[in-house]
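Following: one structure in structure tokens, then a few remarks.
All residue numbers refer to positions in the sequence shown, counting from 1.
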Amino acid sequence: MLQSKLIANTKKEWPSEALVKSHGLLIKGGYIKQMASGIYTLLPLAKRVTSKIENIIREEMNNIDSQEILMPLVATKKLWDMSGRYDSVGSELLRFKDRNDVDMVLSMTHEEATVFSLLNEATSYQKYPFSVYQIQTKFRDEARPRAGLIRVREFTMKDAYSFHTSEESLNEEYDKFYRAYENIYRRVGIPETVAVASDTGMMGGNGAHEFMLLCDAGEDKIVICKDCGYSANMEVAYTSKYDISSSKEETLTKIHTPGIKTIEALHEFTGIDISKMGKAVIYTRLDTNEIIIVFIRADKEVNETKLRNFLKVDDEKLVPRKEEKEDNITYGFVGPKNLTKNAIVVFDKSLENEKSLVFGANEVDYHYTGLSIKRDIGDVVYIDVAKVCDDDYCPVCNKKSLKIEKGIEVGNIFKLGTKYTKMMQMTYADENEKINNPIMGCYGIGVGRLMASVLEKRGTESAVNWPASIAPFDIHICPIDYTKNEEVKVESDKLYSTLKEKGFDVLLDDRKKSAGVKFKDSDLIGAPIRVVISPRNLENKKAEVKISSEAEANIVDLKDLVSYVTNKHEELLEEVK
């Protein structure tokens with residue numbers, strides 16, 4: 001392609017709205033244009049990249065015999081009612097009425113649509129196992145879109161669904177998708193991606209992994225053991241044990257703490273270390289209007305995902321409780337002893353072996369010191385509802401080596417079980433003619449987010465550095481004085497035609513621009529190979545070749561130029577394969 005025809009205007013300055021690297025590069029390089037909050041047009045450069053990503057995904061899905069389909073973006077309320085998710089999913093599901101006053105949704109995921117599409121298509125066990133996939137637009141009405149393509153409202157996603165007659169079969173397919181995902185991430189240029197155990201969330205099921213690219217732009221927190229490799233999303237990560245802060249029982253004493261309602265103020269007032277204190281975190285369960293009181297060591301935080309899972313409550317139905325006078329709760333002084341309020345009480349495992357703690361006395365302006373839960377409260381059940389911290393004990397190797405990293409979720413896989421097939425009455429007859437519900441797996445990758453994630457890992461503030469496998473162009477020819485020097489033009493046009501005939505995606509900069517402008521634009525376009533044809537080098541029958549991943553350029557004889565570039569491109573592709 002001639003660069004003068006390319007619809008992609010680069011920008012000199014870093015865009016003020018871009019808070020992460022990928023967002024800035026995609027705007028500065030002329031890849032995307034925002035239409036509304038969290039909604040973007042992919043301009044030609046971005047579409048070229050995402051198309052190559054989609055081709056890689058297709059190849060890997062086809063390699064494990066998954067069959068491509070295409071389902072509608074729009075679905076009816078009736079379809080989502082079949083799974084019960086029309087009412088249980090929150091406002092991120094966009095609901096609307098069509099002209100016939102029928103309730104509709106824009107699909108944010110396609111479990112319901114997939115099961116509905118396959119009803120009565122696999123009624124015998126002999127059809128199983130099988131999987132289908134699509135690459136399709138989704139819409140999720142995010143409350144706070146951020147970071148360009150990393151968190152948007154409209155997006156393109158590859159989602160796949162597998163169907164099985166046994167857990168063993170599901171596990172085998174799950175492993176196939178796991179390996180296929182590793183291949184995809186390596187081939188698009190981010191082999192550093194790690195798989196971590198995760199929460200199943202609104203998807204349901206009994207097992208899940210997220211594939212995370214560790215980087216500063218990530219909004220998810222990942223817990224990793226540097227010694228044994230244990231990894232999990234913060235939502236489900238746990239520690240094997242806690243160091244005991246108070247190992248000796250002391251006398252229970254009520255102390256006067258006038259106006260001392262926070263842990264920090266209590267620490268300053270008493271001089272007692274925060275790790276030797278307990279605190280109460282209070283929630284409201286909206287579906288039952290129950291009060292939930294979580295007692296936890298004061299130096300720990302409640303992991304609300306763990307708490308919701310323990311209580312079996314949906315995400316939006318458990319919220320921090322606002323202080324109400326009619327509650328008859330002594331806010332700021334709540335503790336487990338003499339607690340009279342009718343509430344569901346949860347004791348976190350961080351308290352289990354503590355012998356002497358400071359806790360609220362359920363009386364305004366008073367706390368207890370020396371509180372022993374076993375002695376002063378009795379036997380209680382301890383539940384793990386705490387967030388893991390840096391240097392906690394690894395649950396696998398038991399070393400004090402857990403670290404918290406930031407990560408971008410670039411894919412996920414779920415063991416869904418029979419949640420959707422039961423609700424939607426998808427059945428098959430086994431070899432004994434017994435009717436069963438198929439067991440499902442679910443596997444997703446966001447295409448635009450994957451493109452942005454590659455830039456977060458490989459880009460700089462001035463260059464995108466695409467891997468050869470997904471770069472918008474394979475080779476960028478940047479002639480110096482193309483419009484002034486006839487020899488430069490002839491050699492550039494000749495090279496352009498030859499490389500195109502060999503099947504390369506080639507961009508020829510035919511513009512009347514300075515070398516500096518051309519090179520800056522070339523860095524933002526990010527072809528892995530740049531060929532510079534200049535009057536000076538032509539005097540010696542040579543050209544300059546710059547590989548984006550190498551620090552120095554190479555001077556190559558014109559007669560060897562095509563073979564040199566071809567071999568280099570093959571080497572670059574091998575690196576990601």
Side-chain angles (χ1 to χ4, degrees), residues 57-72 75-76 78-86 88-89 107 109-136 157-184 195 197-211 236 309 312 411-445:
I57 291 173
R58 280 193 175 91
E59 288 175 11
E60 294 298 334
M61 292 297 98
N62 295 341
N63 284 342
I64 58 173
D65 295 325
S66 194
Q67 303 172 68
E68 186 169 9
I69 63 175
L70 185 62
M71 293 176 283
T76 64
K78 182 179 179 180
L79 186 62
W80 278 66
D81 276 338
M82 291 174 73
S83 69
R85 288 204 298 177
Y86 185 84
S88 66
V89 173
S107 297
T109 184
H110 274 77
E111 285 73 31
E112 289 83 358
T114 304
V115 174
F116 180 81
S117 299
L118 298 175
L119 284 176
N120 305 318
E121 297 296 331
T123 56
S124 168
Y125 74 96
Q126 295 174 326
K127 285 279 190 179
Y128 293 82
F130 67 90
S131 68
V132 296
Y133 76 95
Q134 67 169 352
I135 299 175
Q136 171 63 302
M157 188 170 184
K158 186 286 300 178
D159 49 345
Y161 302 91
S162 63
F163 294 80
H164 309 270
T165 60
S166 69
E167 290 289 344
E168 293 76 15
S169 174
L170 170 60
N171 291 338
E172 289 176 5
E173 193 76 2
Y174 194 86
D175 289 342
K176 287 181 182 178
F177 273 91
Y178 190 107
R179 291 192 294 273
Y181 274 36
E182 289 182 323
N183 291 340
I184 290 167
S198 65
D199 179 56
T200 57
M202 74 164 189
M203 302 295 289
N206 57 5
H209 283 83
E210 292 171 339
F211 290 84
V236 299
N309 290 341
K312 295 182 171 58
N412 51 56
I413 55 179
F414 295 89
K415 296 179 181 179
L416 294 178
T418 58
K419 173 180 176 178
Y420 296 96
T421 54
K422 272 185 178 179
M423 287 181 171
M424 301 181 69
Q425 300 179 21
M426 181 179 181
T427 60
Y428 71 92
D430 66 16
E431 55 267 41
N432 299 314
E433 297 301 319
K434 181 182 177 182
I435 302 301
N436 299 279
N437 300 111
I439 301 168
M440 286 180 68
C442 170
Y443 319 87
I445 291 179

### Task
Verify, without hydrogens or angle tests, whether S107 (side chain) and H110 (backbone) share a donor-acceptor contact under 3.5 angstrom.
no
### Summary
Value for NZ (K158) from CD1 (I135), rounded to nearest 0.5 Å, stands at 8.5 Å
### Within-4.5 Å side-chain heavy-atom neighbours: F177 and S66
yes
### Query
Between Y86 and T76, is a side chain to side chain contact (heavy atoms under 4.5 Å, CB included) present by the stated rule, with each step listed?
CA-CA 10 Å; Y86 185 84; T76 64; over 6 Å; no
### Query
Do E112 and S83 have side-chain atoms, one donor and one acceptor, less than 3.5 Å apart?
yes
#### Entry: Straight-line distance of F130 CZ to Y161 OH, nearest 0.5 Å
13.5 Å
### Task
Find the distance between CG (N171) and NZ (K176) and round it off to the nearest 0.5 Å.
12.5 Å
### Query
What pairs meet the side chain to side chain donor-acceptor pair (under 3.5 Å) rule with one or both residues in residues 117-128, with sequence neighbours excluded?
none
Which atom pairs, donor and acceptor, lie under 3.5 Å between side-chain atoms of residues 421-430 and protein residues at least two apart or in another chain?
from: T421; atom 1: OG1; to: T418; atom 2: O; distance (Å): 3.4
from: T421; atom 1: OG1; to: P438; atom 2: O; distance (Å): 2.7
from: D430; atom 1: OD1; to: N432; atom 2: N; distance (Å): 2.8
from: D430; atom 1: OD1; to: E433; atom 2: N; distance (Å): 3.1
from: D430; atom 1: OD1; to: K434; atom 2: N; distance (Å): 2.8
from: D430; atom 1: OD2; to: N436; atom 2: ND2; distance (Å): 3.3

### Task
Decide salt bridge (charged side-chain N to carboxylate O under 4.0 Å, His left out) for K419 and E111; before the verdict, give the C-alpha distance in whole Å, the side-chain angles of both, and the deciding distance to 0.1 Å.
CA-CA 10 Å; K419 173 180 176 178; E111 285 73 31; over 6 Å; no
### Contact check, side chains of I445 and M157, non-hydrogen atoms, under 4.5 Å
no
### Query
If you take all heavy atoms of P129 and H164, which pair is closest and at what distance?
CB-ND1, 3.5 Å
### Message
Less than 4.5 Å apart, side chain to side chain, heavy atoms only: is that true for Y178 and I413?
### Response
yes
### Task
Tell me yes or no: between the side chains of Y181 and N183, is some donor less than 3.5 Å from an acceptor?
no
### Task
Taking the side chain as every heavy atom from C-beta outward, state whether I439 and T165 have any atom pair closer than 4.5 Å.
no
### Query
Taking C-beta and beyond as the side chain, do T109 and R85 meet within less than 4.5 Å on heavy atoms?
yes
### Task
Check whether any side-chain heavy atom of N412 sits under 4.5 Å from a side-chain heavy atom of F414, and report yes or no.
yes
#### Entry: E68 side chain to Q134 backbone, donor-acceptor under 3.5 Å
no
### Message
Ignoring hydrogens and geometry beyond distance, is a side-chain donor-acceptor pair present between S162 and S131 at under 3.5 Å?
### Response
no
### Query
Do Y174 and R179 get their side chains close enough for a donor-acceptor pair, meaning under 3.5 Å?
no
### Task
For the pair N62 and Y133, evaluate side chain to side chain contact (heavy atoms under 4.5 Å, CB included) and give the outcome as yes or no after the intermediate values.
CA-CA 9 Å; N62 295 341; Y133 76 95; 3.0 Å; yes
